[in-house]
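Only one structure is covered here, and it is reproduced in the block below.
In what follows, chains are A, B, ... by sequence order, proteins preceding strands, each numbered from 1.
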Number of protein chains: 2
Amino acid sequence: MTFNLYHQEFKNIEISDVSTFERQNVEKAIKRLRNEIAEKKIPAINIVEKKDDLENFQKITQSLQKFKKIFVLGVGGSSLGAKTICAIKPNCQLEFIESIDPDSIANSLKNVDFVTSFFLVISKSGQTVETICQALIVIDKFKKENHSQQIFADNFLFITADKSSSLAQIANKINAEVIDHPADIGGRYSVFCAVGVIPALIACLDVKKFRSGAKLAIDYFLNNPTIADSIAIQIELYNRGFRNNVFMPYVDILKNFTDWYRQLLAESLGKNGYGATPINSMGTVDQHSQLQLYLEGNHDKFFTFISAKIKTNDYTINDLEGCKTLFANKKLSEILDIEKNTTIEVLRQKKLPIRLFELNKVDEESLGGLMMQMFLEIIAIAYAKNINPFDQPAVELRKDLAKQILANFYE
Amino acid sequence: MTFNLYHQEFKNIEISDVSTFERQNVEKAIKRLRNEIAEKKIPAINIVEKKDDLENFQKITQSLQKFKKIFVLGVGGSSLGAKTICAIKPNCQLEFIESIDPDSIANSLKNVDFVTSFFLVISKSGQTVETICQALIVIDKFKKENHSQQIFADNFLFITADKSSSLAQIANKINAEVIDHPADIGGRYSVFCAVGVIPALIACLDVKKFRSGAKLAIDYFLNNPTIADSIAIQIELYNRGFRNNVFMPYVDILKNFTDWYRQLLAESLGKNGYGATPINSMGTVDQHSQLQLYLEGNHDKFFTFISAKIKTNDYTINDLEGCKTLFANKKLSEILDIEKNTTIEVLRQKKLPIRLFELNKVDEESLGGLMMQMFLEIIAIAYAKNINPFDQPAVELRKDLAKQILANFYE
């Protein structure tokens with residue numbers, strides 16, 4: 001597959017290897033998904049064509065330029081997408097707080113100056129334990145420093161779908177602005193709406209390009225069989241016992257992408273005993289940590305590699321006088337490529353199934369395209385397997401149990 | 001299992017569930033390992049009793065106090081162990097560089113002041129591609145800034161086993177000191193020798209306690225059946241199809257520990273088609289990302305949770321006036337415990353096998369104990385399955401291929 005943003009190919013498996021039964025099965029799922037897209041029935045996908053919301057978001061984020069540090073409080077779907085896109089600017093002033101380990105919170109808040117810090121608080125339900133606790137801890141710290149309620153309002157922005165939720169009540173109490181989380185877009189599909197876009201704007205990213213990259217992937221899916229084929233191949237691989245899905249970029253800033261994809265895959269497909277297990281891995285580091293297992297352990301893994309044709313930076317390696325290495329006069333990017341290609345080659349020789357993505361460039365557009373392709377694949381696989389890709393029923397059971405215990409805590 | 005440092009227990013599986021065949025098998029392996037320890041045949045284990053090496057290491061690291069920033073160049077076994085132990089001090093001046101993505105290197109070296117920066121360069125073979133390239137890039141940058149050779153020597157320290165290797169030659173060329181990497185200790189087992197101990201000393205950690213914690217775990221293994229039983233249980237779980245090993249601490253600074261364990265498990269056991277797949281996960285974050293799959297996906301996962309009885313910091317949650325949440329007056333550590341316990345409970349109800357570790361405290365001693373227990377378990381499992389826990393033959397094949405290509409690059 002080659003379109004404007006990246007090239008994709010498979011090794012050791014191709015569309016003709018897929019059983020007739022699964023190909024027919026997938027064909028129906030693809031048809032359903034294509035129709036739903038045409039009929040604008042999937043908000044998480046439609047939203048990339050929206051334009052009128054960006055102006056308001058831009059106005060909001062422009063007013064934040066005076067802050068030195070911006071914290072995003074949120075966990076899972078409320079943070080992984082934004083972290084993925086914001087990684088393009090590794091040194092921006094954003095910090096994501098997801099944990100409720102008291103030692104981590106203390107570490108994050110240690111040297112915080114509240115007057116020059118801003119807190120973006122995100123939870124679709126407005127009931128997320130981590131996010132509420134973090135917000136209350138920060139507000140408490142403000143209060144103890146004798147800041148007035150007016151300053152609270154200036155330093156907070158909330159994104160939530162439920163105006164009666166605990167988080168919305170906290171926002172109201174401190175007079176902070178609340179932006180709607182679209183009620184019909186689940187957390188793990190929220191990267192193209194305010195949840196991903198506002199942090200991206202804070203990081204000075206081109207969100208129009210991010211959405212237009214996604215739009216390109218949708219058009220490609222509607223008019224071309226390649227993404228449809230990649231869905232059939234993944235189902236076939238699962239049937240053949242390749243139930244662990246190793247995602248291994250050779251682009252460091254895609255580390256967050258692998259975390260985002262992990263949730264998308266696990267929560268969308270992990271139902272009725274189905275669901276490949278996503279495994280995030282990083283090249284070249286995991287050549288030194290995991291490759292032995294990949295090559296000679298249980299052959300239950302399917303590998304996805306991502307590389308970038310163009311790096312922003314590069315180095316030429318210069319030997320010291322009289323001290324010859326294999327690397328002299330080579331570019332670091334060339335050495336990285338050899339490391340990646342030899343890893344792929346030894347896996348190929350073991351007949352393990354491989355998918356390769358080569359991005360032309362790591363930018364907003366290619367990331368938008370890649371993330372949208374992942375949406376389309378996961379939704380279509382779920383349709384083919386009669387799974388609802390949008391719910392997460394088992395997770396709710398645990399949340400209910402925790403709420404019960406919390407409510408009866410001192411009884 | 002309860003000894004001085006932590007408590008361990010299993011849920012949904014116990015020693016009596018293990019087949020007689022595997023129990024006998026494991027018994028032989030345990031006997032072999034106990035004998036080898038008694039006869040001081042395993043250098044990676046013996047080394048924790050060594051005391052005379054620390055004085056020299058301390059002298060070296062004391063002379064580094066004048067540097068503002070210390071970079072560790074190394075990858076895999078040369079960095080994961082040190083990262084694990086040094087995470088106890090999250091804000092120390094150490095930075096680990098493992099990647100050869102040119103954009104990451106540029107980012108790491110962007111604002112580096114070479115006069116106040118120190119580089120600890122670690123590679124057992126002295127031939128590691130990443131480490132050599134990084135060292136040459138840094139030296140080149142020094143040269144271009146017109147620093148003299150004397151300054152090179154002051155700002156570098158190398159750890160390697162092979163004095164004729166490329167890395168040792170580079171060290172000699174710039175007159176830098178070289179410390180021996182023990183030739184009989186492999187990278188993934190090197191955390192208790194100079195490779196782990198020197199970075200730990202730089203981070204001002206108590207390495208004597210780190211080693212004495214490990215010694216406690218060895219003594220416990222020699223005189224008590226609990227660790228031996230945990231080895232038999234893991235083999236039984238693998239036989240029953242639980243081939244993915246999810247490691248999920250509820251202690252953020254143990255994130256590096258999961259990366260370290262991933263290499264130890266994968267490289268030691270991933271041979272002859274054997275080898276559970278390690279999956280690193282973090283509580284509570286992955287309750288929002290992976291729990292749906294764990295509960296209702298393919299039941300091929302065994303879960304290890306780690307928590308800490310005592311946190312250094314804590315917070316009491318205070319509600320805002322007239323805005324009631326479930327969290328008021330509760331401690332954050334208590335809420336974290338409820339989150340963890342409810343996750344364990346829903347997995348228990350699904351009859352999934354679980355292991356729990358509760359550390360009394362997260363410190364050098366408990367981390368030393370836990371890391372040594374992992375050594376003992378992995379080595380004994382390998383012995384029981386006729387696997388060599390100390391080599392990594394498949395990884396070497398890729399390295400040879402890369403060397404061939406590099407040597408013929410311009411032909």
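- Here the CD1-CG distance, from A:Ile174 to B:Leu320, works out to 7.5 Å after rounding to the nearest 0.5 Å.
- Proximity of A:Val285 to B:Ser79: side-chain heavy atoms (C-beta onward) are nowhere separated by under 4.5 Å.
- Separating the OG atom in B:Ser104 from the NZ atom in A:Lys255 is a distance of 12.0 Å, to the nearest 0.5 Å.
- Comparing B:Lys301, B:Lys324, B:Lys143 by how many heavy-atom pairs each has under 4.5 Å with chain A, the most go to B:Lys301.
- For B:Ser281, the parts sitting under 4.5 Å from any heavy atom of chain A are the backbone and the side chain alike.
- Contacts of B:Asn318 with chain A are made by both backbone and side-chain atoms, with heavy-atom separations under 4.5 Å.
- Of the listed residues B:Leu397, B:Val362, B:Asp314, B:Leu265, the one with more heavy-atom pairs under 4.5 angstrom with chain A than any other is B:Asp314.
- By a heavy-atom distance cut of under 4.5 Å, A:Glu339, A:Thr342, A:Thr343, A:Glu345, A:Val346 are the residues of residues 339-346 of chain A near chain B, going up by number.
- Of the atoms belonging to A:Lys350, not a single heavy atom falls under 4.5 Å from chain B.
- Here the OG1-CG distance, from B:Thr316 to A:Asp140, works out to 9.0 Å after rounding to the nearest 0.5 Å.
- The part of B:Ile279 that comes within reach of chain A is its side chain, from C-beta onward, which places non-hydrogen atoms under 4.5 angstrom from that chain.
- For A:Phe242, there are no ring-ring contact (aromatic ring centres under 6.0 Å, His included) partners, not counting sequence neighbours.
- B:Asp252 CG to A:Asn107 CG: the interatomic distance, rounded to the nearest 0.5 Å, is 9.5 Å.
- A heavy-atom distance below 4.5 Å is found between the side chains of A:Leu406 and B:Ile338.
- Of the atoms belonging to A:Ile170, heavy atoms from both backbone and side chain fall under 4.5 Å from chain B.
- Between B:Leu336 and A:Pro102 there is a side-chain heavy-atom pair separated by less than 4.5 Å.
- Within the 4.5 angstrom heavy-atom criterion, atoms from both the backbone and the side chain of A:Lys271 approach chain B.
- With chain A as the partner, the residue from B:Thr325, B:Thr312, B:Asp319, B:Leu291 showing the most heavy-atom pairs under 4.5 Å is B:Thr312.
- Here A:Tyr238 pairs with A:Tyr274 under the ring-ring contact (aromatic ring centres under 6.0 Å, His included) rule; sequence neighbours left out.
- Expressed to the nearest 0.5 Å, how far CD1 of A:Ile335 lies from CD1 of B:Ile100 amounts to 6.5 Å.
- Neither the backbone nor the side chain of B:Asn172 comes within contact range of chain A; no heavy atom of the residue lies under 4.5 Å from a heavy atom of that chain.
- The minimum heavy-atom distance linking A:Gln292 with B:Gly270 is given by the pair NE2-O, 3.0 Å.
- Per-residue heavy-atom pair counts under 4.5 Å with chain B were compared for A:Met282, A:Arg262, A:Lys403, and the maximum is reached by A:Arg262.
- Distance check, rounded to the nearest 0.5 Å: CD1 of B:Ile405 to CD of A:Glu334 gives 12.5 Å.
- For chain A, the option among B:Ala106, B:Gly76, B:Gly77, B:Gly275 with the highest count of heavy-atom pairs below 4.5 Å is B:Ala106.
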Using distance only, find each side-chain donor-acceptor pair of residues 124-133 of chain B under 3.5 Å and give its atom names and separation, not counting sequence neighbours.
residue	atom	partner	partner atom	Å
B:Lys124	NZ	B:Ala183	O	2.9
B:Lys124	NZ	B:Ile185	O	3.2
B:Ser125	OG	B:Gln127	N	3.0
B:Gln127	OE1	B:Ser166	OG	3.2
B:Thr128	OG1	B:Ser123	OG	2.7
B:Glu130	OE1	A:His288	NE2	3.1
B:Glu130	OE2	A:Thr284	OG1	2.5
B:Glu130	OE2	A:His288	NE2	3.0

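- Contacts of A:Leu264 with chain B are absent, with no heavy-atom separation under 4.5 Å from either backbone or side chain.
- Closest of all the heavy-atom pairs between A:Pro278 and B:Leu293 is CD-CD2, 3.7 Å.
- Your options are B:Ile139, B:Leu136, B:Leu295, and the one with the most heavy-atom pairs under 4.5 Å with chain A is B:Leu136.
- Looking at A:Arg243, the atoms closer than 4.5 Å to chain B (heavy atoms on both sides) all sit in the side chain, from C-beta outward.
- Contact annotation for A:Ile317: only side-chain heavy atoms (C-beta onward) come within less than 4.5 Å of a heavy atom of chain B.
- No side-chain heavy atom of B:Ile253 sits under 4.5 Å from any side-chain heavy atom of A:Asp103.
- Interface residue B:Lys173: only side-chain heavy atoms are found under 4.5 Å from chain A.
- The two residues B:Glu267 and A:Ser289 come nearest to each other via the heavy atoms CG-O, 3.6 Å.
- For A:Ala308, no part sits under 4.5 Å from any heavy atom of chain B, backbone or side chain.
- With a 4.5 Å cut-off on non-hydrogen atoms, B:Tyr250 touches chain A through its backbone but not through its side chain.
- Taking 4.5 Å as the limit, some side-chain heavy atom of B:Asp101 sits within range of a side-chain heavy atom of A:Val251.
- Atom NZ of A:Lys361 has 12 or fewer neighbouring heavy atoms from other residues, nucleotides or ligands inside a 6.0 Å radius.
- No other option in B:Arg188, B:Glu396, B:Gln263 has as many heavy-atom pairs under 4.5 Å with chain A as B:Gln263.
- Using a 4.5 Å cut-off between heavy atoms, B:Leu401 contacts chain A through both its backbone and its side chain.
- Both the backbone and the side chain of A:Asn298 come within less than 4.5 Å of a heavy atom in chain B.
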